[in-house]
Amino acid sequence: MKIALAQFNPTVGDFEGNAARILELTRQAQARGADVAVFSELCLCGYPPQDLIERPAFIQRNREALARLAQSVPISSLVGYVGKAQDETGKPVANSAALIGQGRVLFEQQKMLLPTYDVFDETRYFQPANTQHAFLLGAETLGITICEDVWNDKNFWTQRLYKRDPVTELVGRGSSIVLNISSSPYTIDKRGVRQDMLRAMARRHKVPVVYVNQVGGNDSLIFDGSSVAFMPDGRVAALAKSFEEDLVLFDSTTGAGDIRPQITDELEAAYEALVIGTRDYVRKCGFRKVVIGLSGGIDSALVAAIASDALGGENVTGVSMPGPYSSEGSIVDAKRLATNLGIELLVLPIGEAFQSYCKALENSFAGLPLDVAEENLQARIRGNFLMALSNKFGSLVLSTGNKSEMAVGYCTLYGDMAGGLAVISDVPKTMVYELSRFANKTTERIPEAIFTKAPSAELRPHQTDQDSLPPYDVLDRILKAYVEDLRSPEEIAQQYDFPVDLVRGVATQVDRNEYKRKQAPPGLKVTSKAFSVGRRFPLAQKFSV
């Protein structure tokens with residue numbers, strides 16, 4: 001059987017557009033000699049649809065779109081959609097895979113394992129399957145699974161989350177090939193783990209394994225594609241591109257297939273993830289242009305480089321907003337950056353506005369020293385300028401705070417946090433420098449002076465980040481261990497030989513600034529645990545580490 005792995009970029013709720021793309025890819029697959037085309041999880045409605053699933057009209061349009069598609073596809077096609085649950089009690093709908101062709105639905109399988117960790121909350125919406133069956137199509141008996149169904153192999157994972165293993169059950173029912181339709185979000189290093197798991201599964205069960213993943217960005221989640229087919233001996237027989245739409249063929253009889261060139265460097269993969277995540281968020285939300293505050297620092301420089309790669313320099317406007325403590329070097333660096341990237345630069349000094357604010361507050365602040373109140377005023381004036389430009393010209397504001405700053409609250413509500421998308425809010429500061437070096441891989445886009453200057457918010461004379469924060473190489477190790485690995489301050493201090501009071505102080509800052517992060521714009525997820533999605537902590541609470 002010749003199987004087409006059809007990897008495309010759906011938009012949530014765009015039934016007409018998603019169905020048209022599915023139909024187009026089935027025709028391409030037929031022209032290349034495929035017998036069946038396999039698509040990704042919930043591709044007809046887009047993933048993740050979240051509470052749209054609770055709207056009856058959404059479910060109805062999804063079913064109508066599937067019925068129309070079944071009458072149109074030229075070859076048998078496996079499509080993800082929201083189907084009817086098997087049970088009479090519980091949730092009325094299921095995360096389903098429908099095999100369509102010959103004008104009808106030939107077979108349907110519901111997802112059995114519903115994840116409820118990190119970014120997933122599928123038991124909120126779906127009823128899990130309680131039974132599953134293999135299906136004979138041509139010369140192959142298909143074992144159809146959906147995403148999480150393949151993530152419970154007892155021989156691969158040291159700790160399993162579920163009692164049942166849908167793959168083992170389907171192979172026991174005579175499946176000669178395992179198909180998995182998936183919407184597996186990207187995180188750093190996940191592509192390798194995923195391939196290792198699927199390879200081990202093919203070897204263990206001695207059957208080919210075909211895995212088709214969604215590609216593109218939907219809100220905070222980025223999907224890398226990287227669809228793959230493994231032979232029973234673990235050999236890769238077909239492999240699609242990462243972070244691009246693709247159509248690759250796999251012959252289950254001969255083991256022949258298309259193998260696309262891959263991004264092997266994980267830093268490059270992370271950069272491409274941020275580019276596609278930015279592009280899709282901006283465009284799927286109906287914007288064409290973005291505006292970015294350019295401070296002359298490394299964070300805003302990286303965001304500008306990502307935005308120009310995602311949208312084209314002609315669609316990016318940088319705004320330099322020098323204040324009373326801005327260095328001449330920062331202004332020069334912002335101008336040089338804009339020239340290098342080919343983006344428009346506006347220069348809007350904030351001095352007069354800042355003086356007016358201070359004058360208005362003069363009586364209220366009488367007799368009190370200058371402190372964080374005046375510092376934050378500068379940041380908030382800049383945020384107001386950016387939002388005014390957004391309102392006037394219909395451009396989306398990209399905020400520029402990194403994960404390290406967001407973690408410890410080194411950011412200003414309604415100031416530098418203002419915006420519609422926080423592009424690098426899941427990128428630690430040390431990684432910001434690494435990604436910026438990658439952006440300069442072929443030519444100097446980000447000026448060298450931006451790399452070498454000491455990081456500073458420039459909100460008071462001679463200010464640097466390290467006035468109030470540990471060095472970033474220290475801070476980032478503490479944050480990863482505390483936020484992503486859930487280690488205690490005592491464990492972290494022992495692991496890295498850091499003073500325990502230092503670690504506990506950082507942890508306290510993380511916990512106390514949850515209220516700020518709750519008000520931040522959505523961010524793009526690239527690490528195993530992001531602040532913007534998949535991490536839920538109460539604001540009003542008294543637990544301390």
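At a threshold of 4.0 Å, the pair R21-E245 counts as salt-bridged, since one of the basic side-chain nitrogens sits closer than that to a carboxylate oxygen. Residues E514 and R535 are paired through a salt bridge, judged by an N-O separation under 4.0 Å between the basic side chain and the carboxylate. Using a 4.0 Å cut-off between a side-chain N of Lys or Arg and a carboxylate O of Asp or Glu, R445 and D309 qualify as a salt bridge. Under a 4.0 Å N-O distance rule, the pair R124/D51 qualifies as a salt bridge. Salt bridge E108/K84: absent, no basic N to carboxylate O contact under 4.0 Å. A salt bridge is defined here as a Lys NZ or Arg NE, NH1 or NH2 lying under 4.0 Å from an Asp or Glu carboxylate O, and D165 with R204 meets this definition. Classification of D224 and R191 as a salt-bridged pair fails, no side-chain N sitting under 4.0 Å from a carboxylate O.
For CD of E16, the number of neighbouring non-hydrogen atoms (other residues, nucleotides, ligands) closer than 6.0 Å is 12 at most.
Once rounded to the nearest 0.5 Å, the distance linking CG of L302 with CD of E434 reads 11.5 Å.
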Residues D87, Q127; criterion side chain to side chain donor-acceptor pair (under 3.5 Å); working and verdict:
CA-CA 8 Å; D87 295 334; Q127 186 73 7; 3.0 Å; yes

Run F58 and F15 through ring-ring contact (aromatic ring centres under 6.0 Å, His included) and show every step you take.
CA-CA 9 Å; F58 184 87; F15 296 109; 5.1 Å; yes

Walk me through it: do Y211 and F230 pass the test ring-ring contact (aromatic ring centres under 6.0 Å, His included)?
CA-CA 9 Å; Y211 168 90; F230 285 97; 9.1 Å; no

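Across all non-hydrogen atoms, the minimal contact from L421 to T278 is CD2-CA, 4.1 Å.
Residues Y186 and F243 bring their aromatic ring centres within 6.0 Å.
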